[in-house]
Amino acid sequence: MAQTQLAILLTSIALVVIGLYSAIFIDNIIKKIIGISFIEEGANLFIVAIGYKAGGVVPILMPGMDTSWFAANAAYPLPFGLVLTSIVIGASTLAVMLALVMVLYRRYGTLSTKVMLADTSKQEEYNE
Amino acid sequence: MLDFVLMIIIILSAILALIQKDLLKAAILTGFSGGALAVLFQILLAPDVALTQAIVGAAIIPVFIALAVKKTQREDS
Amino acid sequence: MKLYDQIFDVVKQFKKLFSPGPVTNADVSGSLTAEMFLIVSLILSAILLRHINILLAGIVTLILAVVLISSIPLIPKFKLEQEDSLEKMLFYAVLTLSIIVVFLYWGGNLV
Amino acid sequence: MNELIPLMVIVPLISALIISAFSKFNKVTKIFALIVAVCLPLIPLLSNYGLHYFGGYQPILDNVTNVVYHPAITYSFTFLQQVFIAMIGILTFLVVFVYLTKYRKVSGPYLFLLFLGTAAVTAMLLTDDIFHMFVFFEILALAQVGIVAASSIDYSYEMALKYMILGSIGSPIMLLGIGFLLAITGSVNVTDIAAAVHNGLVDIKSPVFLASLGLIFFGWLYASGFPPFHTIKSGIYSKAEPHGAALLQSFTVVSMISIVLIMIRIYSSLPIFEVFIVFFSILAMILGVSLALTQTDFRRMIGFLAVGELGFIGLGIGLGTQFAITAGLFQALNEIVITALLFIGFGAIVEATNEVDTRKLGGLLAYHPKVSLMLLLGGLAMAGVPPFNGFQSKLMLVQASLSCGFPELSILAIMVSIATFVVFVKTFYVMFLRPKPNDLEVEGKEVPRSMVFAMGILLIIILALGLFPDMVVNGISNFVGGIL
């Protein structure tokens with residue numbers, strides 16, 4: 001069903017666009033990080049959709065299956081393997097970002113990006 | 001049919017998470033989005049990815065965010 | 001004489017650029033060098049358009065030269081646009097991404 | 001001895017894990033880290049050229065279509081990889097040496113990050129698999145963030161978080177581009193993709209292929225710190241400790257050339273690809289150098305200069321002929337050494353004076369003559385003065401752009417070199433030659449011996465590459481002829 005794949009492509013593009021929107025327009029840093037993590041999810045969804053085969057079977061060779069029938073009908077497993085790695089990378093990146101946010105909250109007492117991550121080059125240059 | 005419903009859930013919960021004033025609700029809605037994505041992966045014939053995404057996207061990431069919210073502040077001001 | 005006044009005004013504007021702290025002559029001369037380097041190199045790279053169309057290159061170079069020289073304290077504006085705040089960095093990053101993708105996706109027949 | 005090829009990645013990776021696990025035994029950790037750091041440049045020099053297939057899966061020849069498929073993750077090791085990995089190894093050794101002698105109590109996690117970054121860039125250079133490269137690119141980004149956040153400089157956490165947020169936009173976009181390529185060709189092996197593109201199996205004018213170029217290109221801009229990422233790249237250099245910054249810039253250079261070599265192999269039939277690279281390189285050179293001229297923090301100034309010099313590499317690669325790409329890669333090698341020397345040298349000045357603002361410094365020539373002399377020579381090498389290596393590669397670049405029919409580009413390259421020279425002369429005058437300000441305290445503070453030693457070694461490499469450039473240029477030229 002090409003309809004499903006088209007819908008999935010649109011969903012992943014929508015996720016990427018939501019992420020880019022939140023990167024520019026949302027001020028709260030935790031929400032910004034949540035929004036940016038949607039970009040990663042959109043990319044993952046797109047790559048999984050590449051391997052999908054309409055009316056196919058899960059790419060695991062069970063005993064008793066005919067090999068040539070399996071090769072013709074199974075989904076393409078390479079993208080699935082890539083996405084596994086990518087999910088874990090995304091989660092670890094998110095964890096590191098949240099840890100940095102927790103440290104910085106102690107110093108600034110706010111979650112606003114405009115205050116927390118403003119231009120710092122002037123303050124440090126000439127402090128008498 | 002289920003896959004279209006899941007896609008709508010993913011996008012709606014993503015948008016709802018970003019317009020919440022309460023950050024804890026945003027964390028829970030992120031978990032909704034991740035969980036729906038896991039079910040969608042299962043429909044797309046990728047059970048191994050679905051398992052990983054169910055653990056990471058529906059459990060670990062919301063817990064991380066909730067911990068960060070607990071250590072900082074809950075309202076988005 | 002007017003251009004001279006304008007250049008003299010530039011030096012005053014540089015004072016604000018290094019505002020907390022003194023302004024040394026080395027800094028001002030560096031900024032003046034940067035100003036001239038910026039104008040000359042931008043005009044020079046505009047000449048590269050001649051590989052597409054010679055007339056276009058001539059017009060763009062002339063317009064660029066007039067615009068750059070008439071708005072002469074460029075460096076304060078330039079530095080303001082490229083400061084360290086996350087807002088500006090994200091804005092320019094997303095802008096570049098959208099320009100690249102739009103150009104390449106819909107401009108395929110230009111290749 | 002082809003078995004040594006995977007060891008180049010495995011040795012730093014395993015030793016990083018061991019060091020962070022047993023970091024409470026201080027003395028043992030120090031000795032172990034030093035031994036591993038000595039081994040790092042030796043492994044690539046001892047290894048033979050060749051290919052390594054992980055898991056032993058040899059390439060499969062399809063009898064019907066006569067096409068070769070590569071099922072395994074492949075590492076290819078040639079002269080280019082040997083030179084760059086050996087240089088990264090030498091630099092890692094010097095940085096670890098400086099770090100170990102600076103602190104009595106070493107931190108295991110910091111050494112872990114240094115070795116992790118080295119392993120990641122080595123894998124990025126060696127690999128022939130685009131997704132494998134992406135994974136190590138993400139690991140490299142995490143290691144870079146860690147190195148920045150571990151420094152005790154003010155506002156380093158903020159800079160690390162900014163870098164990470166920008167990275168979490170850049171990396172998934174690159175992943176999306178890899179996904180597009182995978183959707184078109186069904187493979188992630190670069191040799192297979194390139195064969196499919198050059199045999200006409202892929203329509204190179206299809207919008208999907210062009211969009212994949214755009215998305216991967218954006219990821220490359222993030223990796224190499226070209227505009228719009230030049231501010232954040234120079235920012236993380238200035239917020240890391242000096243020896244960390246010396247390693248960080250080498251990571252940037254190597255990740256840049258490893259991604260761009262893969263892109264050349266896939267997209268070289270598209271003329272717009274070279275136009276894009278030249279455009280962003282020109283922008284990087286102009287913005288980097290003109291912002292470096294206005295900085296008062298000298299660490300930030302070197303950061304902007306490092307970004308501007310990267311534009312030369314991109315210029316050489318964007319011109320696209322064999323001679324030009326050779327010049328660009330040679331410039332990349334030179335840039336790694338010279339910028340490392342400058343970061344370590346200026347870091348020594350920070351150690352001795354505790355001051356980073358050029359307006360508060362002066363008269364240091366009398367107190368630290370050795371460091372200032374070596375810094376002067378390094379700056380001249382960066383500006384492209386004979387007989388140093390920067391002169392050789394920049395001369396090659398100017399010749400290449402002239403022979404390609406772009407005299408404007410050669411004029412621009414010469415102008416950027418002159419501006420670099422101005423930046424350097426200005427900073428050298430302000431810091432070392434003018435009278436010392438009264439409130440500056442320099443008495444009784446010594447530059448660490450290990451830093452002077454590291455600078456000496458780097459200076460010897462600079463002179464050797466400048467006097468005998470044929471050592472590496474011929475090999476790189478053969479490599480470039482192979483991929484074109």
Side-chain angles (χ1 to χ4, degrees), chain C residues 14 17-18 21-52 74-76 78-79 81-86 88-111, chain D residues 158-159 161-162 165-166 169-170 173 204-208 210-211 213-215 217-218 221-222 227-232 235 270-272 276 278-279 282-283 285-287 289-296 357-360 405-406 408-409 411-412 415-416 418-419 422-423 426-427 429-430 434:
Chain C
F14 285 149
L17 196 63
F18 304 99
V23 186
T24 58
N25 50 5
D27 287 332
V28 172
S29 59
S31 299
L32 272 175
T33 318
E35 183 97 36
M36 284 174 219
F37 172 74
L38 198 61
I39 293 173
V40 175
S41 54
L42 282 178
I43 292 172
L44 196 63
S45 39
I47 299 178
L48 273 175
L49 282 174
R50 81 192 157 91
H51 292 278
I52 299 170
L74 287 169
I75 286 294
F78 244 68
K79 254 191 113 175
E81 283 305 308
Q82 295 166 66
E83 60 179 22
D84 278 353
S85 74
L86 185 69
K88 287 208 166 120
M89 289 182 189
L90 278 175
F91 173 71
Y92 281 110
V94 176
L95 188 71
T96 314
L97 172 65
S98 45
I99 289 174
I100 288 177
V101 170
V102 166
F103 187 73
L104 278 177
Y105 196 89
W106 277 281
N109 49 357
L110 296 176
V111 177
Chain D
E158 281 89 337
M159 203 53 94
L161 184 56
K162 284 174 198 169
I165 288 177
L166 283 168
I169 290 180
I173 294 291
I204 61 164
K205 291 202 176 174
S206 71
V208 181
L210 289 169
L213 165 63
L215 297 174
F217 192 86
F218 185 76
L221 288 183
Y222 161 69
F229 297 105
H230 57 299
T231 43
I232 185 68
L270 287 174
I272 198 163
F276 259 56
V278 169
F279 176 76
I282 290 175
L283 215 56
M285 287 198 287
I286 294 174
L287 292 183
V289 175
S290 60
L291 285 171
L293 273 166
T294 61
Q295 297 298 318
T296 49
D357 197 325
T358 49
R359 287 170 291 185
K360 294 189 198 164
F406 296 104
E408 304 94 330
L409 287 181
I411 297 173
L412 195 68
M415 269 176 47
V416 173
I418 294 171
V422 172
V423 175
K426 174 191 150 226
T427 314
Y429 163 73
V430 169
R434 74 170 177 189

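Since this is a predicted model, take the numbers as computed values, not measurements. Convention: sequence-line order gives letters A, B, ...; per-chain numbering from 1.
Considering every non-hydrogen atom in both C/Thr96 and D/Pro228, the closest pair reads OG1-CG, 3.3 Å. In terms of heavy atoms, C/Phe37 sits closest to D/Ile286 at CE2-O, 3.8 Å. Nearest approach of D/Leu293 to C/Thr33, heavy atoms of both residues: CD1-C, 4.0 Å. Here the closest non-hydrogen pair linking D/Ile282 and C/Leu48 is CD1-CD1, 3.6 Å. Residues C/Ala34 and D/Thr294 share a closest heavy-atom pair of CB-CG2, 4.1 Å.
The candidate from C/Ile100, C/Val101, C/Val28, C/Val94 with the greatest count of non-hydrogen atom pairs under 4.5 Å with chain D is C/Ile100. Counting heavy-atom pairs under 4.5 Å between each of D/Ile165, D/Leu213, D/Val430, D/Leu166 and chain C puts D/Leu166 at the top. Highest contact tally toward chain C, considering only D/Phe217, D/Phe229, D/Phe276, is held by D/Phe276 [criterion: heavy-atom pairs under 4.5 Å]. Counting heavy-atom pairs closer than 4.5 Å to chain D, the top residue among C/Ile75, C/Leu95, C/Leu42, C/Leu90 is C/Leu90. Note: D/Pro207 leads D/Ala292, D/Gly214, D/Pro207 in heavy-atom pairs under 4.5 Å with chain C.
Note: C/Leu49 CG to D/Glu408 CD = 10.0 Å, rounded to the nearest 0.5 Å. Taken from NZ in C/Lys79 to OG in D/Ser290, the straight-line distance is 10.5 Å, to the nearest 0.5 Å.
Between C/Glu83 and D/Thr231 the shortest side-chain heavy-atom distance does not fall below 4.5 Å.
When heavy atoms are compared at a cutoff of 4.5 Å, D/Leu161 does not approach chain C at all. C/Ser31 touches chain D through backbone and side chain together, each having a heavy atom under 4.5 Å away. D/Ile411 touches chain C through backbone and side chain together, each having a heavy atom under 4.5 Å away. Within the 4.5 angstrom heavy-atom criterion, no atom of D/Leu283 approaches chain C. For D/Ile418, no part sits under 4.5 Å from any heavy atom of chain C, backbone or side chain. With a 4.5 angstrom heavy-atom cutoff, D/Val416 touches chain C via backbone and side-chain atoms both. Contact annotation for C/Leu97: both backbone and side-chain heavy atoms come within less than 4.5 Å of a heavy atom of chain D.
Using a distance-only test at 3.5 Å, with no hydrogens or angles considered, no donor-acceptor pair links the side chain of D/Lys162 to the main chain of C/Met89.
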